[in-house]
Amino acid sequence: MENFQYILPEIFISISIMLFLLVGVFKKNSASLIYNLSNISLLILLALIINLSSLDTIYLFNDSYLIDNLSNYMKIILVGSGIFVMLTGSKYIQVINLNKIEYPILILSSILGMMIMISSNDLIVFYMGLELQSLALYVLASFNRDNLLSTESGLKYFVLSALSSGLLLYGCSLTYGFSESTNFDQILINSTEFNYGTTFGIVFILVGLAFKISAVPFHMWAPDVYQGSPTSVTLFFAILPKIAALSVFIKFLYTPFANMNDQWQTIIVFISIASMIFGAVAAIGQKNLKRLIAYSSISHMGYALAGLATVSNQGIQSSITYISIYLVMNLAFFSCLFMLKRDDKYYENIEDLSGLSKKHPILSFSLLIVLFSLAGIPPLAGFFAKFYVFLAVIEQSMYFLAIVGLLATVVAAFYYLRIIKIIYFDPEKEEYETSHNLGLKITLAISTIFILAYFLYPSGITEIVSKITMI
Amino acid sequence: MNFPILSSLILLPTIGALFILFTKSSSGKYQSSKYVALFISLANFLLSLYLWHVFDKNSVDFQFVENREWLSGFINYKVGIDGISILFIILTTFITPICIISVNATITNRLKDFLIAILIMETFMIGVFCSLDLVVFYLFFEAGLIPMFLIIGIWGGERRVYSAFKFFLYTLLGSVLMLVAIISIYWITGTTDVEKLYELGINAEYQNLLWLAFFSSFAVKTPMWPVHTWLPDAHVEAPTVGSVLLAAILLKMAGYGFIRFSLGLFPIASENFTMLVYILSLIAIIYTSLVALMQEDMKKLIAYSSVAHMGFVTLGIFTMTQQGIEGSIFQMISHGLVSAALFLSVGVVYERHHTRLINKYGGLVSIMPRYAIVFMVFTLGALGLPGTTGFIGEFLILMGAFEKNILVAMIASLGVILGAAYMLWLFKRVVFGEMNNQELKSMKDLKTFEIITLSALVIPILFFGFYPEPLMNSIEASVENTLNMYNFDLINNLASKD
C-alpha cells in the first residue's frame with residue numbers, strides 16, 4: 001500500500017473526474033462550476049506532482065510504472081499547460097455554446113491518460129494510457145457537434161487514430177513476441193541480438209507514435225482536425241498530446257530500444273527531415289490560421305525529433321527544451337487567436353488580421369514576437385530552442401540534418417513573415433473587441449514576456465532539463 | 001574599469017525605446033517621443049566619444065572586456081572592443097541621432113513606432129561591433145533583421161513588401177549557414193570565445209568549409225556580386241532614414257565580420273580563397289559601376305554605387321596588407337558617412353518633389369544653392385576626390401592591391417574612373433543643366449534641421465579627408481596585430497606541412 005503515495009496525483013485526478021461527473025449528473029446547470037473546479041483540481045494536481053519531484057527514480061506495480069525526473073518534468077509542463085489551456089479557453093467555449101459538463105471532464109481524463117503514458121514502463125500500461133487520452137480526444141475534436149467541420153474532424157481523427165493504434169498494438173505484440181516481455185527494461189535486456197521481428201516491432205511502434213505527434217508522413221489528420229475542432233480544443237491538440245507523445249518517444253527509443261539505435265536512427269532522421277520540409281512548404285499556401293499552425297506544428301515536431309535522432313543526452317535535453325519553449329509559443333499564439341472576436345464571432349483567417357497593428361498595437365506586437373519566435377529569429381525564445389537542437393545535432397556530426405533543418409527555417413520564415421506583413425503592412429479592417437477575460441490576458445502577457453525576455457537568462461530551462469539524464 | 005560601459009552603450013537605446021513605448025504621445029504630433037529619442041541617442045554618442053577618449057590606442061588587446069556567464073556555463077556574454085570596433089561604434093552612435101533628426105521629414109505615420117525601431121536597431125548594431133563571442137555576435141547580427149524588416153515594410157515605398165521579404169530572406173538564408181559553422185566551431189574547439197579562438201586556432205582541415213559558411217553570410221550582407229540584388233530593392237523602397245541606416249551601418253557589419261572572423265579565425269582558408277574574393281570584388285566594382293551609370297532612379301544609383309564601394313572594401317581586406325586593411329576600414333567609415341549623406345540629400349529633394357527619377361530634376365543650383373554645395377561635397381566624397389575621406393580609403397586599398405597583384409589593382413582603378421563618371425553625371429543632371437520642369441521652381445532651399453544634419457556629415461568628411469590621423473591612429477595597432485596573427489598562423493601551417 002505504501003506505493004500509493006507515489007501515484008497520488010493520478011489517484012487524485014481519477015477521483016476528481018468521477019466526482020465531477022457525479023456532480024454534473026445530479027446538479028443542473030453546473031457546467032461553469034465544474035469548469036472552475038477542474039481548474040482548481042489541475043492546480044492541486046500540479047502541486048502534488050511538484051511535491052513528488054524531489055524523489056529519486058521509483059518503480060511501482062511490478063516495475064510497470066515509473067516515476068523519475070523525466071516523467072515528473074513532463075507531467076509538470078503537461079499539467080501546467082493544461083491549466084493555461086483551460087484559462088484561455090473559458091470565454092471561448094461559453095461564446096460558442098460548448099460550455100457543457102463533459103468538456104472539462106474529457107480534458108481531465110485525457111490529461112490522466114497522458115500522465116499514465118508518460119510514466120508507463122510497460123507496453124500494456126502504455127497502451128492503456130494512450131487509449132484513454134485518444135478516446136477523450138476523439139470526443140473533444142467533434143465536440144462542436146452542430147458544426148460540420150468539427151464532426152468531420154472528430155470522425156477523421158477517430159478513423160486514422162484507430163488505424164495507427166492498431167499498428168502500434170501490432171508493433172507491441174511483435175516486440176513482446178520476440179523479446180518475451182512487456183516490461184521496457186526487460187525488453188532492453190532481451191533484445192541484444194538483432195532480429196527482424198523486433199525491427200518490425202520498432203517500425204510499427206514508431207509509426208503509431210509518429211501519428212500521435214503528427215510527424216510526416218503520418219500527419220494528414222492534423223490540418224483538418226486543427227481547423228475543424230473548436231479553437232480551445234485545437235490549442236489542447238497543439239500542446240498536450242505532443243508533450244505526451246514526445247515523452248513516450250524518448251522513453252521508447254532510449255529504454256526498450258536503446259540497443260537498437262542503428263535500426264531506428266535512420267527512421268527518426270527521415271521523419272524529422274520530412275516533417276521540417278513538408279511543414280514549412282505546405283504552410284505557405286494556407287489561408288486559415290488554425291490550419292497554418294497545424295503545418296507549423298508539424299515542422300516544429302520535426303525539430304524536436306531531430307534532437308532525438310542524435311542518440312545523445314544533449315539531444316534528448318534539447319528536444320525537451322524545444323517542446324517546453326514550443327508550448328509557450330503556442331499558448332501565446334492561440335491567446336492572440338482568442339482575442340480576434342467581434343460580436344460573439346471568432347475570426348480565424350489570415351485575412352482577418354489585416355492591418356491589425358493600427359487599432360490593436362499591443363495584440364499585434366505580441367503576435368509579432370510570437371511569429372518571429374516561431375520562425376526562430378534571435379534573440380527570441382524560439383531561436384534558443386532551435387539552437388539547442390542544432391547544437392546537439394552538429395555534435396554528432398549530422399551536418400545534413402542540420403543544414404536541411406536550417407534551410408527549412410528560412411522557408412518557414414516566409415509564411416510567418418507573410419502573417420506579419422498582413423498585420424503590419426496591409427490596410428486596416430474593422431476593429432475587434434478589446435475586453436477579454438483576465439485568464440486570457442494573463443496567459444498572453446506571461447507567454448509573450450517569456451518569449452521576449454528568454455535571452456536574459458537562457459540557462460533556466462536548460463539547467464532543469466540537464467538533470468534529466470537518460471543514457 | 002568596473003563600470004560596464006559597453007553594456008550601457010548597448011542597452012541605453014533599448015531603455016530609451018521602452019521609455020518612448022510607455023510615454024503618452026502629446027497631441028498626435030509625437031514631439032515628446034522624438035526629443036526623448038534624440039536625447040538618448042546623443043547621450044549614447046557622447047558616451048561613445050568618451051569611450052574613444054579613454055581607449056588606449058597603443059594596446060592591441062581587447063579593452064573594456066565584460067565577461068558574464070550566460071548560457072549555462074558554456075557560452076558567455078562577452079563584449080570588448082579594439083581599435084577597429086570602436087570606430088564602427090562611433091559611426092553607429094553618430095549616424096543614429098542624424099537619422100532621428102531627419103525623421104520628421106519623411107515619416108508621417110506611426111512616428112513613435114519608428115523611433116522605437118531605430119533605437120532597437122542601434123542596440124543591435126552596437127552589439128554586433130563589440131561582441132567577442134560568436135553566438136552573441138550571431139544573436140545581434142540576426143536580430144537586426146526584425147526592426148529593419150519592419151522599417152522597410154511599414155514605412156517604405158510602393159514595392160515595400162517585396163523588398164522587405166527579399167531583404168529578410170536573403171540575409172537569413174546566408175546567415176543560417178554561419179550558425180552551422182559557429183556550432184561546429186564550438187564542437188571542434190570547445191569554445192566560441194573569439195579571444196580564446198585566436199589563441200587556439202582552428203585546425204586547417206576544417207577551415208575551408210567554415211570560411212565558406214561565414215562567407216555566405218557576409219557576402220549577402222556586404223553585399224557582394226552576385227547576391228547583391230536585395231540591396232537596390234531594399235534601398236529604393238526603404239524610407240530615407242532606413243536607407244541611411246542600411247547603407248551607413250548595416251553593410252559595415254559584414255566588412256567588420258570579414259576582418260574580425262574570416263581573417264582572424266580562418267587565416268589559411270582566407271589565403272586559399274583570396275582569388276575568389278578578388279574576382280567577386282572586381283566584378284562588383286566594374287559591373288555595378290556600369291549598372292549604376294544607367295540608373296534612372298537616384299536612390300538606385302546610389303545603392304549600386306554602394307555595392308561598388310563595398311567591392312573596394314572586400315578587395316582591400318583580402319590584400320592582407322597593412323595599407324589594404326586600413327584602407328578598407330577607412331573606406332567603410334567614409335562610405336558610412338558619404339552614403340548616409342547622399343541618401344539624405346536624395347531625401348531632401350524627394351520630400352519636396354516626390355520623385356526620385358533623375359530626369360525630372362535639373363538646374364537645382366539656381367533655386368537651391370546651399371543644397372547644391374553640400375550635394376557637391378558628398379558627390380566628390382563618393383568619387384574619392386583628394387581632400388575627402390573617400391580618397392584616402394580608395395588610395396590605401398589600391399596601394400595594398402598593387403603590392404599583391406598588379407592586374408587586380410589596375411582593374412580596380414578603372415572602378416575609380418567609373419565611380420567619378422556616374423557620380424558626376426548624376427550631379428550634372430540633377431543640379432546643373434536647364435530647368436525644364438516648371439514645378440521645380442517652387443522648391444525651397446534647405447530647412448534648418450536639414451542644414452544641421454547635412455553639415456554634421458560634411459564636417460567629418462572634409463576633416464578626416466584632410467587629417468585622417470585620428471582614425472588611422474586608432475586602427476593601426478589593431479590591424480597590425482590582426483595581420484601579425486594572420487601571418488604567424490600561415491607560417492605555422494606551412495611549417496607543419498613540411
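Below, each value reflects all heavy atoms present in this structure, side chains not excepted, and no hydrogens, waters or symmetry copies. Here is how names work: the chains are called A, B, and so on, in the same order as the sequence lines, proteins then strands, and each is numbered from 1.
- Ranked by heavy-atom pairs under 4.5 Å with chain A, the first of B:I188, B:V176, B:L169, B:I183 is B:I183.
- Shown here is B:E158, whose CD atom has no more than 12 heavy atoms of other residues, nucleotides or ligands within 6.0 Å.
- For the pair A:P379 and B:F140, the minimum side-chain heavy-atom distance is 4.5 Å or more.
- Of the listed residues (A:T462, A:L391, A:L368), the one with the most heavy-atom contacts under 4.5 Å to chain B is A:L391.
- Among A:I377, A:V411, A:L417, the residue making the largest number of heavy-atom pairs under 4.5 Å with chain B is A:L417.
- Between B:Y162 atom OH and A:K421 atom NZ the span is 14.5 Å, to the nearest 0.5 Å.
- Contact annotation for A:L456: only backbone heavy atoms (N, CA, C, O) come within less than 4.5 Å of a heavy atom of chain B.
- Note: B:F165 and A:F425 fail the aromatic proximity criterion, with ring centroids not under 6.0 Å apart.
- Between B:F168 and the choices A:Y416, A:F414, A:F372, the ring-ring contact (aromatic ring centres under 6.0 Å, His included) rule is met once, by A:F372.
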With ring pair (Phe, Tyr, Trp, His ring centres under 6.0 Å) as the criterion, how do A:F383 and B:Y138 come out once you've worked through the C-alpha distance, each side chain's angles and the decisive distance to 0.1 Å?
CA-CA 11 Å; A:F383 166 73; B:Y138 183 81; 5.7 Å; yes

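- Surrounding CZ of A:F400 are at most 12 heavy atoms belonging to other residues, nucleotides or ligands under 6.0 Å away.
- Within a 6.0 Å radius of NZ in B:K196, no more than 12 heavy atoms belonging to other residues, nucleotides or ligands are found.
- Rounding to the nearest 0.5 angstrom, the gap separating the OH atom in B:Y186 from the CD1 atom in A:I394 is 12.5 Å.
- Judged by distance alone, the side chain of B:W187 and the main-chain N or O of A:Q396 form no donor-acceptor pair under 3.5 Å.
- A 4.5 Å side-chain heavy-atom check between B:L177 and A:L406 finds every atom pair outside the cut-off.
- At a heavy-atom cut-off of under 4.5 Å, chain A is reached by B:E142, B:A143, B:I146, B:F149, B:L150, B:G153, B:I154 from residues 141-154 of chain B, listed in order of number.
- Ring-centre distance between A:F384 and B:W70: below the 6.0 Å cut-off.
- Within a 6.0 Å sphere centred on CD of A:E431, heavy atoms belonging to other residues, nucleotides or ligands number more than 12.
- Other residues, nucleotides and ligands place more than 12 heavy atoms under 6.0 Å from the CG atom of B:L18.
- At a 4.5 Å heavy-atom cutoff, the contact between A:Q314 and chain B is made by side-chain atoms alone.
- Enclosure of atom CZ in A:F450 by more than 12 non-hydrogen atoms of other residues, nucleotides or ligands within 6.0 angstrom is indicated.
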